[in-house]
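Predicted model, so just to flag it, every value in this text is computed and none were measured.
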Amino acid sequence: HGILFIEGTMGHEFVHAYHHVLFGNNFNTNFSEYSAYQFQIDFLRSHPAYNIGIEQVINKQATYKVDTLPYNYHYQCIPGF
């Protein structure tokens, strides 16, 4: 499971890096964190044997208040995701 943990974490951080490059000074931490945690949630759900800890990720995402995530902050908009 080690490689899955690394892949999930790297994907999370890549979401932030992409948002920083895309938005520059207009970067929004709440939007980026929410999106990055959504990536991790979806990633964990796609690997059922590794779903341990998914509740922690869901709870962490909930700490970032987002009524509506702007479309261009969705991790699915990142090329290759």
Side-chain angles (χ1 to χ4, degrees):
H1 296 300
I3 192 68
L4 292 177
F5 175 79
I6 292 170
E7 189 175 343
T9 302
M10 294 293 289
H12 178 109
E13 296 306 325
F14 183 80
V15 169
H16 295 314
Y18 183 81
H19 288 155
H20 273 289
V21 170
L22 184 64
F23 299 109
N25 290 335
N26 294 320
F27 175 82
N28 183 297
T29 301
N30 281 342
F31 291 160
S32 189
E33 286 291 353
Y34 189 90
S35 181
Y37 279 111
Q38 189 61 54
F39 166 80
Q40 277 192 291
I41 291 166
D42 293 346
F43 180 80
L44 289 171
R45 285 184 176 148
S46 72
H47 296 87
Y50 193 64
N51 265 341
I52 299 168
I54 194 169
E55 289 301 320
Q56 290 176 307
V57 178
I58 291 169
N59 292 337
K60 186 66 176 172
Q61 182 192 41
T63 65
Y64 295 94
K65 306 295 183 212
V66 174
D67 291 327
T68 303
L69 187 67
Y71 176 76
N72 51 0
Y73 266 96
H74 286 253
Y75 79 84
Q76 295 93 336
C77 294
I78 299 173
F81 269 61

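Relative orientation of the Tyr75 and Phe39 rings is perpendicular, given thresholds of 30° and 60° on the angle between their planes. Tyr64 and Tyr37 have parallel rings, their planes meeting at less than 30° on a 0 to 90° scale where 60° marks the start of perpendicular.
Annotation: side-chain contact (heavy atoms from CB on, under 4.5 Å) contacts of Glu55 (sequence neighbours excluded): Ile58. Partners of Ser35 under the side-chain hydrogen bond (donor to acceptor under 3.5 Å, both in side chains) rule, at least two apart in sequence or in another chain, do not exist in this structure.
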Is there a ring pair (Phe, Tyr, Trp, His ring centres under 6.0 Å) between Phe81 and Phe14 once you walk through the steps?
CA-CA 10 Å; Phe81 269 61; Phe14 183 80; 5.5 Å; yes
Show your reasoning for whether side chain to side chain contact (heavy atoms under 4.5 Å, CB included) applies to Leu4 and Phe43.
CA-CA 9 Å; Leu4 292 177; Phe43 180 80; 4.0 Å; yes
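Of the possible polar contacts, one joining the His19 side chain to the Tyr73 backbone as a donor-acceptor pair under 3.5 Å is found.
When Lys60, Gln38, His12 are each tested for a side-chain contact (heavy atoms from CB on, under 4.5 Å) with Glu33, only one passes: His12.
A distance of 11.5 Å separates CZ in Phe27 from CG in Asn25, rounded to the nearest 0.5 Å. The distance from atom NE2 of His74 to atom CZ of Phe31, rounded to the nearest 0.5 Å, is 10.0 Å. Of the inter-residue distances, the one linking Phe5 atom CZ with Gln40 atom CD reads 8.0 Å to the nearest 0.5 angstrom.
Considering all non-hydrogen atoms of both residues, Gln61 and Ile41 come closest at OE1-CD1, 3.2 Å. Listed here is the closest heavy atom pair of Asn30 and Asn28: N-OD1, 3.0 Å.
Residues Pro79 and Tyr18 meet the side-chain proximity criterion, which asks for heavy atoms closer than 4.5 Å.
Atom CD of Gln56 has 12 or fewer heavy atoms from other residues, nucleotides or ligands within 6.0 Å.
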